[in-house]
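The chain is numbered in sequence order, starting from 1.
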Amino acid sequence: MLLGRILLDLGAQHFERTLVKADGSLGWNGESVPDEMLEARLEAAAARQPQPELHLQVDKRTEYDYVARLLSAASRHGLGKVAFVTEPAR
């Protein structure tokens, strides 16, 4: 099971905010999406011009395997711009 939550933000900056959560949830733009729908969402993102960046925010409890699967799926679809982001300390 690929774990993650994907949020889409198409403002002036074209990026996809991807939140990988430890509980296994997956969503796109606030909408719950089953794992099997992720490939279609990534394919659609890869087809857009300009192509969006993936901004990954990973829960510290997430196993690396889930992050690697997400990165691999993005790469298969030609999404090569990926950045890891963090939240400021509270």
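Across all non-hydrogen atoms, the minimal contact from Ala46 to Gln51 is O-NE2, 3.0 Å. The minimum heavy-atom distance between Ala45 and Pro52, with the atom names listed, is O-CD, 3.2 Å.
Once rounded to the nearest 0.5 Å, the distance linking CZ of Arg69 with CG of Leu38 reads 11.5 Å. To the nearest 0.5 Å, the span separating CE on Met37 from CZ on Arg41 amounts to 5.0 Å. Atom-to-atom distance recorded for Leu42:CG and Leu70:CG is 7.0 Å, nearest 0.5 angstrom. Note that the CG atom of Leu71 and the OH atom of Tyr66 stand 15.0 Å from one another [nearest 0.5 Å].
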Verdict with reasoning, Leu54 to Phe84, per side chain to side chain contact (heavy atoms under 4.5 Å, CB included): CA-CA 8 Å; Leu54 292 180; Phe84 286 86; over 6 Å; no
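At distances below 3.5 Å, not a single donor-acceptor pair connects side-chain atoms of Glu53 with backbone N or O atoms of Val82.
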